[in-house]
2 protein chains.
Amino acid sequence: MGITKTESYTDQTLMLAGLFKALGHPARLAILQYISKQSSCICGDIVSELPLSQASISRHLQELKTVGLIKGEISGTSVCYCLNNEHIPYVSQFLIQFQTPNNPTCCS
Amino acid sequence: MGITKTESYTDQTLMLAGLFKALGHPARLAILQYISKQSSCICGDIVSELPLSQASISRHLQELKTVGLIKGEISGTSVCYCLNNEHIPYVSQFLIQFQTPNNPTCCS
DNA sequence: TAATTATATCGCAATATTACGATTAAATAA
DNA sequence: TTATTTAATCGTAATATTGCGATATAATTA
């Protein structure tokens with residue numbers, strides 16, 4: 001149905017899935033890397049960095065903001081975006097459980 | 001368009017985005033956690049663990065397998081799935097760049 | 001061989017995502 | 001006030017995802 005049975009999962013699982021989902025698009029990864037590369041806040045010159053329209057970049061930025069991966073602040077006519085790394089540790093921590101050695105007797 | 005301009009990104013970015021995307025659904029996170037919880041290979045009793053139909057679970061398993069997050073091996077009439085942690089370090093490594101301290105002069 | 005079991009795939013419907021041009025809104029500059 | 005600049009939002013079209021019932025496939029068992 002293209003709709004997810006969200007009521008069946010814990011809040012934590014839903015939150016993590018939301019973060020992963022936001023990270024699950026190459027444009028958003030590129031945006032995050034570009035913002036992270038800058039030492040200070042950058043503004044909408046992401047548009048000139050990526051081969052997407054202003055409208056599309058803006059939508060991706062909103063998605064990243066919604067899940068809390070970036071913050072934005074109006075400054076004049078432009079908007080300054082920067083990383084919000086608050087949630088990154090949860091994501092990294094979650095992945096650790098999958099870093100145990102592969103079971104050698106299993107699915108060779 | 002619901003289609004991504006994949007030709008604009010590096011293979012590495014596309015691969016990471018694919019992994020994040022696969023992780024970006026609560027059912028798939030739940031499946032991974034369930035598989036990881038078992039000490040040995042488990043089979044399709046994931047179906048009885050999650051509130052999804054056999055067809056839907058099977059689809060999610062295929063997606064996880066496609067991006068290489070799990071491996072599957074036929075054993076009798078059933079199929080044994082287990083984690084493939086091969087790609088996890090890339091994902092974790094990628095996230096490290098975002099773990100630098102937030103710029104305090106930026107987007108208070 | 002026929003039935004059973006376990007899983008994958010097909011076909012479909014509902015919803016979501018992606019992208020963009022056009023428009024709107026809000027702040028600044030002329 | 002009127003332009004200009006910058007970014008968000010609207011509307012639309014194309015494609016993707018999610019989910020399930022039904023069916024197919026493949027190995028096992030009777």
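Because the structure is predicted, anything quoted here is derived from the model rather than measured. Only this structure's heavy atoms are used, side chains among them; waters, hydrogens and symmetry mates stay out.
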Quiz prompt | Spacing of B:R28 atom CZ relative to D:dA16 atom P, expressed in whole Å | solution = 15 Å

Exercise. Calculate the interatomic distance between B:I3 atom CD1 and C:dC20 atom P; express it in whole Å.
Key: 12 Å

Quiz item: Tell me: CG of B:D45 to C1' of C:dT5, nearest whole Å?
Solution: 14 Å

Self-check item: Rounded interatomic separation in angstrom, taking CG from B:L64 and C1' from D:dT17
Solution: 14 Å

Quiz prompt | Heavy-atom side-chain proximity of A:K5 to B:L52 below 4.5 angstrom | solution = yes

Quiz item: So which of residues 49-61 of chain B are in contact with DNA chain D, with a heavy-atom cut-off of under 4.0 Å?
Solution: B:L52, B:S53, B:A55, B:S56, B:R59, B:H60

Quiz item: Which of residues 8-27 of chain B sit near DNA chain D, with a heavy atom under 4.0 Å from it?
Solution: B:K21, B:H25

Quiz item: Would you find more than 12 non-hydrogen atoms of other residues, nucleotides or ligands less than 6.0 Å from B:D11 atom CG?
Solution: no

Quiz prompt | Presence of A:Y81 side-chain N/O under 4.0 Å of D:dA8 phosphate oxygens OP1/OP2 | solution = yes

Exercise. Flag the pair B:Q12 / B:Y90 as yes when at least one side-chain heavy-atom distance between them is below 4.5 Å, and no otherwise.
Key: no

Quiz item: Between D:dA7, C:dA27, C:dA6, which nucleotide has the shortest distance from any of its atoms to the side chain of A:T77?
Solution: C:dA27

Quiz item: Of all residues at least two apart in sequence or in a different chain, which pass the side chain to side chain donor-acceptor pair (under 3.5 Å) check with A:T66?
Solution: none

Quiz item: Less than 4.5 Å apart, any side-chain heavy atom of B:I70 and any of B:N84?
Solution: no

Quiz item: What is the distance from atom CG of A:L69 to atom CZ of B:F98, rounded to the nearest 0.5 Å?
Solution: 8.5 Å

Self-check item: Euclidean distance, atom CD of residue B:Q62 to atom P of C:dA8 [Å, nearest integer]
Solution: 5 Å

Self-check item: Whole-Å distance separating the CD1 atom of B:I46 from the P atom of C:dA6
Solution: 14 Å

Quiz prompt | For atom CD1 of A:I70 and atom P of D:dA7, their distance in whole Å | solution = 12 Å

Quiz item: A:Q97: what forms a side chain to side chain donor-acceptor pair (under 3.5 Å) with it, not counting sequence neighbours?
Solution: B:Q33

Quiz item: Which residues satisfy the side chain to side chain donor-acceptor pair (under 3.5 Å) test with A:R28, sequence neighbours excluded?
Solution: A:H60, A:E63

Quiz item: Quick one: side-chain contact (heavy atoms from CB on, under 4.5 Å) partners of A:T6, sequence neighbours excluded?
Solution: A:T4, A:L14

